[in-house]
Amino acid sequence: MIRIRRSAALWLAILLIPISAPAQSSPFDYTALRDEAVQLLSQYLPINTSNPPGNELATASWLKEVLAREGIQGQILDTAELGPGRANFYARLKGNGKKKPIALVHHMDVVPVTDSQWTVPAFQGLVKDGYVYGRGAIDMKGHGIIQLMALIAIKRAGLQLDRDVVYIANADEEVNGDGAIIFVKRHPDLLQNVEYLLTEGADTRVEGGKVRWFGIDVGEKRPLWTRLVVEGKTSHGSVPIGDQNPVPRLARAIERVSAWQTPLRLTPAVERFFKALATIETSPEGRKYLADPRTALKSQAGRAWLLSEPERNALLRNTISPTVLVGSNKTNIIPQRATAELDIRLLPDEDPAAFMKELRRIIADTSVKLEEIAPIPPRYDAPLDTELFKAIEHVAGEMLPGIPIATPVSPGASDRPSYAQAGIITYGLDPYLIPIEENRYEVHGNDERLSIDNVGWGVKFYLLLLSGMR
Ligand SMILES: [Zn+2]
């Protein structure tokens, strides 16, 4: 609760506010919440959840305790399924039920540290010079605490939201993603009707003291790792046996695959991402192409420019990189079998079966067999025209006036597809503004740290978002 002393200056300010935009007093004291969140983070970081082994039962118990103090009963889940010392955590703040729930999700595990490379303790929660230091400060305990603080602040303010807010903390994101996979599989009841989900993403760009864009991850390319297998006849290299030697046949298949120019396709998310890139592009022609990639792709010069950078090329099509090759291990032995592994990455909305059919047509040799190396992860591809997306846009616009929203399609793997598979519209974002020059302190780096300002920014971001969507 904040008390307002109505000084003359304030009255004047109130009189000057145009009627069309009435002043709204916030029920939140953002400075106090920031400081409290920093304190919580400096208690959360010392609980060592390096994965392996994870040890997330300790963080889950801590989260349960913190929420219990606020009158929110959390649940420690999946301990048997995840193994000794491990757990998922779940809590829910009820809304009035007018709209479907929204889930705030983070992972409790962190990547291991090499102590000798840290100049501060990695597991102490040290607060120094305006920063909270420790493994997980950014990835992603800091984010988890920001979500927690927002939940607590809403509860304390007695704010009745239209949606339940579901709070989930998972184990094992950094290794196999088993926490989210098991949670989704075992608790359809807890996820029932959940419409939206927010978790990590990593693509807001702050450079040269300026925010260039605010990123909302809306999809991931899907790895479709495939092995080409050619069976032949083993014999001595001194007597060639033509195509019964599997090696030249495999080599021809690799060549066809490598020469294949897969079709170009501009998804709405990538189009929007390119438009944000246009704002930082230095060459005038590049700016023109990025600002209107749909038109650029129709001209030869525009297409060539867009494809000239491998990262952009990879966002515009399905890609194939031949990587592991296995034939004989002796110069004079023709092997019985030769194999090549392909790192295939599909655009988020691609149909894998249709793609494989096309790949077989390109290889054009039925003696080349295609084997699955690993099952393809679930599709994760969120729409851009939802209430949540618009609400994020609105809040980002208020906190960062004039800054574009970018919608990158991320090349990395995360827990997001596991939740998307459950039918939940999932977005990834980081509620921080971290300058690119600070990359050394970034995700998985040494001396990982999050500034106190960023903690405050994140809490405010979530509170404006959740209270604005009510
Ligand atoms: Zn992470």
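All values below come from the heavy atoms of this structure, side chains included, with hydrogens, waters and symmetry mates left out. Numbering of ligands and ligand atoms starts at 1, following listing order.
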Task: Residue Glu200 atom name (nearest to the Zn ion (ligand 1); N/O/S) - done: OE1
Task: Glu173 backbone or side-chain N/O/S under 2.8 Å from the Zn ion (ligand 1) - done: no
Quick one: side chains of residues 392-402, donor-acceptor pairs under 3.5 Å with protein atoms, not counting sequence neighbours, listed by atom name and distance.
residue	atom	partner	partner atom	Å
Glu393	OE2	Arg272	NH1	3.3
Glu393	OE2	Arg272	NH2	2.5
His394	NE2	Glu398	OE2	2.9

Task: Ionic contact status for Lys99 with Glu195, cut-off 4.0 Å - done: no
TODO: State plainly whether the residues Asp178 and Arg86 are in salt-bridge range, i.e. N to O under 4.0 Å.
DONE: no
Task: Under 2.8 Å: N/O/S of Glu174 next to the Zn ion (ligand 1) - done: no
Open item on the list: Applying ring pair (Phe, Tyr, Trp, His ring centres under 6.0 Å) to Tyr462 and His143, what does each step give before you reach the verdict?
Closed with: CA-CA 10 Å; Tyr462 264 99; His143 192 161; 5.6 Å; yes
Task: N/O/S atom name from Asp139 that is nearest to the position of the Zn ion (ligand 1) - done: OD1
